[in-house]
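Because only heavy atoms are used, hydrogens play no part in the values below, and waters and symmetry mates are left out as well, while side chains stay in. Source: prediction; values computed, not measured.
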Amino acid sequence: VNSDVGVVDINDVASSQESNVRVYLKMPGLYPAVAGKIASNGPYKTVGDLYQIPGLSGAEKDLIKKYESRFAVTPPSADYVIDRINNGLYR
């Protein structure tokens with residue numbers, strides 16, 4: 001996640017695949033439901049893949065669209081593919 005420019009790499013969860021779902025707290029409406037779906041359904045090849053998440057409602061798709069410019073996709077690291085939802089970081 002590059003907080004300097006406000007972009008979330010969804011393959012990094014939130015890059016969507018490697019970041020912790022807490023990063024979605026900065027995007028009102030995504031946490032916890034949509035963030036959980038994004039984190040649970042990666043890895044993604046494109047940001048557009050987010051709209052293919054099974055069970056995503058129209059309202060949830062609208063929220064993703066609202067923040068779409070803040071998402072990016074890079075190849076996921078093997079370390080995070082294994083533990084992309086609970087990366088063991090606690091505060």
task = Locate the shortest heavy-atom distance separating L30 from I64; write the atom from each residue and the value.
result = CD2-N, 4.3 Å

query = With no hydrogens and no angle check, is any side-chain donor or acceptor of Y67 less than 3.5 Å from a backbone partner on P28?
reply = yes

ask   = Quick one: does F71's side chain get under 4.5 Å of L50's, heavy atoms only?
value = yes

ask   = Roughly how far, to the nearest 0.5 Å, is CG of L56 from CG of L63?
value = 9.0 Å

ask   = Has the side chain of N41 got a donor or acceptor atom that lies under 3.5 Å from a matching backbone atom of I38?
value = no

inquiry  = For a quick test of reading the model, state the closest non-hydrogen atom pair linking S40 to G36 and the distance between them.
reply    = OG-O, 2.8 Å

query = So, Y51 and E60: side-chain donor and acceptor under 3.5 Å apart, yes or no?
reply = no

query = Atom CZ in R70, atom NZ in K26: separation rounded to 0.5 Å?
reply = 8.0 Å

message = If you compare all heavy atoms of E68 against all heavy atoms of V47, which two are closest, and at what distance to 0.1 Å?
response = CG-CG1, 3.7 Å

Side-chain heavy-atom pair K45, V73 within 4.5 angstrom cut-off = no

